[in-house]
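To keep things clear, I will list the structure first and then write my remarks on it.
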2 protein chains.
Amino acid sequence: MSLKHALLGFLSYAPMTGYDLKRYFDQSIHHFWNANLSQIYPTLSRMVEEGLLTMEVEHQEDRPNRKVYTITGVGREELQRWLREPLGLSPLRVPFLIQIFFGGSLEKEEMLARLRHHLALHQERLAAYQGPVREVLRQNVEATGLEREGFFWGLTLDAGIQCEEGWLKWCEEAIEKIEAMGDGHDE
Amino acid sequence: MSLKHALLGFLSYAPMTGYDLKRYFDQSIHHFWNANLSQIYPTLSRMVEEGLLTMEVEHQEDRPNRKVYTITGVGREELQRWLREPLGLSPLRVPFLIQIFFGGSLEKEEMLARLRHHLALHQERLAAYQGPVREVLRQNVEATGLEREGFFWGLTLDAGIQCEEGWLKWCEEAIEKIEAMGDGHDE
DNA sequence: GTACAATATATCAGGTCTTATATAGACAAC
DNA sequence: GTTGTCTATATAAGACCTGATATATTGTAC
């Protein structure tokens with residue numbers, strides 16, 4: 001289970017609450033793995049049962065108590081073990097390509113609209129990766145001083161950018177090909 | 001729910017059993033959407049309840065009866081509606097990048113091993129897309145005569161290829177960068 | 001001729017993830 | 001002044017998906 005190991009990873013930097021962890025997810029690995037609080041909380045509880053984490057309650061008066069999670073020795077070992085484990089390729093899940101696959105019955109203009117919309121979404125995402133997302137990463141390296149770690153954080157962002165560039169190129173080529181087609185349902 | 005619409009898509013070509021549908025999935029959209037039989041069967045049942053499909057049992061003596069599913073008018077309408085619906089970008093889920101992200105604590109050689117392994121997997125997959133997968137697609141177009149549909153089937157395969165090429169480039173660049181690093185745990 | 005894989009069909013248990021809901025203070029908008 | 005949104009914390013219901021299991025025939029390997 002990858003979520004478990006992502007949580008171990010962040011908790012190997014410092015003890016945190018589920019809410020803190022969610023913020024780290026959103027800030028740093030959101031471009032290749034997301035998680036909801038409603039998924040993080042029960043997973044943390046399970047990890048305590050498994051001995052990977054310990055939990056301490058910090059009382060607060062004005063809002064719900066903070067449950068601070070700390071990684072155990074067993075947790076660190078498990079993280080190290082998993083980091084060395086060879087993983088297969090993760091299957092893709094792209095609903096948009098289902099629309100394309102069965103798009104034979106749509107008119108040419110409708111298909112073009114779909115593709116142009118998708119192109120715009122990927123352009124936006126690419127711009128975010130190259131701008132604000134890269135910037136947050138840089139700030140995190142500066143704030144923590146984790147130079148070596150930061151190098152690998154950057155690598156994952158490079159992967160996201162490479163991916164987006166691939167999608168952009170594909171969208172552009174697909175649009176060209178469809179524009180070159182005859183009108184209506186034939187070519 | 002995308003699975004539902006993928007099933008509607010295939011059933012818009014011809015009536016089929018769950019088992020048949022699984023074969024189509026594996027043959028044609030496997031590179032961007034997969035589904036198990038254990039997921040397909042209950043989904044088909046639900047779709048009958050929703051009025052999107054009808055089911056007829058064909059008795060067989062030597063093996064379990066065939067349950068043949070046929071798309072209804074309502075089902076066709078729902079498919080057409082969905083094909084025109086703008087979709088957001090699907091979030092990526094790449095466990096391998098979690099390993100990279102938290103890989104700062106691994107030795108250089110261990111990281112290189114991870115990346116080279118991953119590179120080989122993507123090379124394999126790219127070769128499959130360019131060879132056998134493309135060939136099966138061509139045969140399906142020939143067998144069905146669905147020229148226009150085949151064009152869109154091909155587009156989805158192009159997307160898969162583009163994606164794989166992006167990954168290959170990323171892996172190669174990452175390997176170069178890490179090789180250029182000093183030994184041990186620094187810089 | 002016996003073991004193993006593939007074809008053909010399907011269910012069930014359980015794990016993962018999403019969506020909706022709950023509480024409560026602070027702060028901004030209008 | 002009240003509506004909305006943000007910070008901060010968490011649970012519950014249910015949808016979605018994976019992995020294991022079941023059965024019976026046909027074909028392949030040794």
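We name chains A, B, ... by the order of the sequence lines, and we start the count at 1 in each one. Atoms considered below: every heavy atom in the structure, side chains included; atoms not considered: hydrogens, waters and symmetry mates.
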How bent is the helix from C:dG1-D:dC30 to C:dC30-D:dG1, measuring the angle between the end axes built from five pairs each, rounded to 10°? 40°
Check the pair A:Glu78 / A:His5 against side chain to side chain donor-acceptor pair (under 3.5 Å), numbers first and verdict last. CA-CA 8 Å; A:Glu78 170 56 20; A:His5 295 100; 2.8 Å; yes
Taking 4.0 Å as the cut-off, does a side-chain nitrogen or oxygen of A:Arg46 come that near to OP1 or OP2 on C:dG15? no
I'd like to know whether B:Glu56 forms a side chain to side chain donor-acceptor pair (under 3.5 Å) with B:Thr70, so could you lay out the CA-CA distance, the side-chain angles of the two residues, the decisive distance to 0.1 Å, and finally the verdict. CA-CA 8 Å; B:Glu56 273 180 42; B:Thr70 306; 5.8 Å; no
Can you check whether B:Arg23 has a side-chain N or O nearer than 4.0 Å to OP1 or OP2 of C:dA8? yes
Check B:Gly18 against B:Tyr41 and note the closest heavy-atom contact, atom names and distance. CA-CE2, 3.8 Å
Got a sec, which residues hit side chain to side chain contact (heavy atoms under 4.5 Å, CB included) with A:Asp20, two or more places apart in sequence or on another chain? A:Met16, A:Thr17, A:Arg23, A:Arg66
What closest approach, in Å, do A:Asp26 and A:His30 show between heavy atoms, and which atom pair accounts for it? O-CB, 3.4 Å
Quick one: B:Phe25 CZ to D:dC17 P, roughly how many Å, whole number? 10 Å
Quick one: is C:dT9 close enough that its OP1 or OP2 comes under 4.0 Å of any side-chain N or O from B:Arg66? yes
Non-hydrogen side-chain atoms of A:Val48 and A:Thr54 separated by less than 4.5 Å: no
B:His117 to A:Leu87 - nearest heavy-atom pair and separation: CE1-O, 3.7 Å
Verify the contact: side-chain N or O of A:Tyr41 to OP1 or OP2 of D:dA10, cut-off strictly under 4.0 Å; return yes or no. yes
Atom-pair distance (CG on B:Leu44; P on D:dC16), nearest Å: 14 Å
Report the distance from atom NE2 of A:His5 to atom P of C:dT16, rounded to the nearest whole Å. 11 Å
Rounded to whole Å, please give me the gap between CG in B:Leu37 and P in C:dA6. 16 Å
Separation of atom CD1 in B:Ile40 from atom P in D:dA15, rounded to whole Å: 19 Å
Whole-Å distance, B:Tyr19 OH to D:dA24 C1', equals 13 Å
Under-4.0 Å side-chain N/O to phosphate OP1/OP2 contact, A:Lys67 with D:dT11: yes
So does B:Trp82 get a backbone contact from the side chain of A:Gln99, meaning a donor-acceptor N/O pair under 3.5 Å? yes
Rounded to the Å, how far apart are B:Met16 CE and C:dT9 C1'? 16 Å
Donor-acceptor pair, distance only, cut-off 3.5 Å: does the side chain of B:Arg76 make one with the backbone of B:Ile71? no
Rounded to whole angstrom units, what separation is found between the NZ atom of A:Lys22 and the C1' atom of D:dC6? 15 Å
What contact category does A:Thr17 fall into here, base, sugar-phosphate, or nothing, at under 4.0 angstrom with non-hydrogen atoms? sugar-phosphate
Could you go over nucleotides 18-20 of chain D and give all protein N or O partners under 3.5 Å, atom names and distances?
| from | atom 1 | to | atom 2 | distance (Å) |
| --- | --- | --- | --- | --- |
| D:dT18 | OP2 | B:Asn36 | ND2 | 3.4 |
| D:dG19 | O6 | B:Ser38 | OG | 2.5 |

